[in-house]
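This report refers to the structure that appears directly beneath it.
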Protein chains: 2
Amino acid sequence: MEQQRPYFEALTRLRAANLRPTRQRLALSRLLFDNGDRHITAEVLHSEALASNVRVSLATVYNTLHQFTKAGLLREVVVDSGRSYFDTNTTPHHHFFFEKSGRLEDIPGLSYTVNDLPPPPPGTLIDSVDVVVRLRETGN
Amino acid sequence: MEQQRPYFEALTRLRAANLRPTRQRLALSRLLFDNGDRHITAEVLHSEALASNVRVSLATVYNTLHQFTKAGLLREVVVDSGRSYFDTNTTPHHHFFFEKSGRLEDIPGLSYTVNDLPPPPPGTLIDSVDVVVRLRETGN
DNA sequence: GTGTTTGCAAAGTGTTTGCAATTTA
DNA sequence: TAAATTGCAAACACTTTGCAAACAC
């Protein structure tokens, strides 16, 4: 029989975010959150949905990713002009970006602070400090 | 009479990069490098060129920015999925990004290192460590 | 039933490309 | 004059939008 816990978790997540638990949102929620930390683009999530027989349009995938981001369930990571990545890990952390393959992953461990950061300019507040380590894949 | 030094500097820069000093490249080079550090998008540079009566197509602006980047005269900074920024300061440094206005500027001072960065995964080399401090403009 | 959500197709944005005409060396 | 560069217009990739039909409560 099918696992029930993940379904209820997805349901709870959506209710907490004040989003109606539609078939599409439940399915996308499970694809995103049932399997640990993920870094995913809209196109890839859409493909995964279709591959698991979830009928959902690309427009809905985009809408859902933005709704989840606004609700604090996802964090958008900018590493590539032209594509948006969404990260299921919303706690502060940094990223490795594999330039050739376009893969994005968390930097493990506590590699975390930036030294000597000056105060933000007057009239501004820091929204986030984004650290991306760009990697060249040498294949050896 | 017109300043001659900047013209010769632009000429030298292009020759050093093995790029023919065409009217367009000379003009764009001067717009980019004659006035200190700049962070600029293709569209903005194109507008500036037209505003100073330099006839150049947007396609050529894109080509030129990429050629300059490949030659090491510019550095591309990714802060916005959807637009590319080019930085005339190619030395390692970090950025403030003003999210509302889309302005990008260097973080002054020596605010430079990231603590405890782990080694890159096997089969990869670090290309760059990009630090972007995203700012919300509060207006007070 | 009422308001929300979805899917489609069209439109939008920033960028790249193919190729003939122009320019540089 | 041979090779590099330019400009145009079309093509592109990704994302957003408008609106009628479908769905959740």
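Just so it is clear, the values below take in all heavy atoms, side chains as well, and ignore hydrogens, waters and symmetry mates. Each chain gets a letter, A, B and so on, in the order the sequences are listed, and its residues count up from 1.
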*Taking five pairs at each end, how big is the angle between the two axes of the helix from C/dG1-D/dC25 to C/dA25-D/dT1, to 10°?*
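Both end axes considered, the difference amounts to 30°.
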Below 4.5 Å, heavy atoms only, C-beta onward: do [X] and [Y] meet side chain to side chain?
| X | Y | result |
| --- | --- | --- |
| B/L135 | A/I126 | yes |
| B/H93 | B/D87 | yes |
| B/P108 | B/F96 | yes |

Between [X] and [Y], is there a donor-acceptor pair closer than 3.5 Å when you use the side chain of the first and the backbone of the second?
| X | Y | value |
| --- | --- | --- |
| B/Y7 | B/L26 | no |
| B/S81 | A/S84 | no |
| A/E137 | A/K100 | yes |

*Quickly work out the B/Y62 OH to D/dA9 C1' distance and round it to whole Å.*
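Going from OH in B/Y62 over to C1' in D/dA9 covers 16 Å.
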*In residues 75-88 of chain A, what residues come within less than 4.0 Å of DNA chain D, judged by heavy atoms?*
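Contacts with DNA chain D under 4.0 Å: A/G82, A/R83, A/S84.
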*asked:* Are A/F97 and A/H39, when compared by the centres of their aromatic rings, separated by less than 6.0 Å?
replied: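 Between A/H39 and A/F97, which both carry aromatic rings, the centre distance is not below 6.0 Å.
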Restricting to nitrogen or oxygen on both sides, can you table the protein-nucleotides 1-7 of chain D pairs closer than 3.5 Å?
residue, atom, partner, partner atom, Å
D/dA4, O4', B/R20, NH1, 3.2
D/dT5, OP1, B/R20, N, 3.3
D/dT5, OP1, B/R25, NH1, 2.8
D/dT5, OP1, B/R25, NH2, 3.3
D/dT5, O5', B/R25, NH2, 3.4
D/dT6, OP1, B/T22, OG1, 2.6
D/dT6, O3', B/Q24, NE2, 2.7
D/dG7, OP1, B/Q24, NE2, 3.1
D/dG7, OP1, B/R55, O, 3.4
D/dG7, OP2, B/S57, N, 3.0
D/dG7, OP2, B/S57, OG, 3.4
D/dG7, OP2, B/T60, OG1, 2.8

*On DNA chain C, which is the earliest and which the latest nucleotide, 5' to 3', with an atom closer than 4.0 Å to a heavy atom of chain A?*
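Reading along DNA chain C, I get C/dG3 to C/dC8.
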*Run the salt-bridge test on A/R38 and A/E105 with the 4.0 Å N-O cut-off and return the result as yes or no.*
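Not counted as a salt bridge, because no side-chain N and carboxylate O are separated by less than 4.0 Å.
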*Under 4.5 Å side-chain linkage, directly or through intermediates, the cluster mates of A/V78*: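 Under the 4.5 Å side-chain rule, A/V78 groups with B/V78.
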Below 3.5 Å, can you tabulate the donor-acceptor pairs from side chains in residues 10-17 of chain A to any protein atom, sequence neighbours excluded?
residue, atom, partner, partner atom, Å
A/T12, OG1, A/F8, O, 2.8
A/R13, NE, A/S29, OG, 3.1
A/R13, NH2, A/S29, OG, 3.1

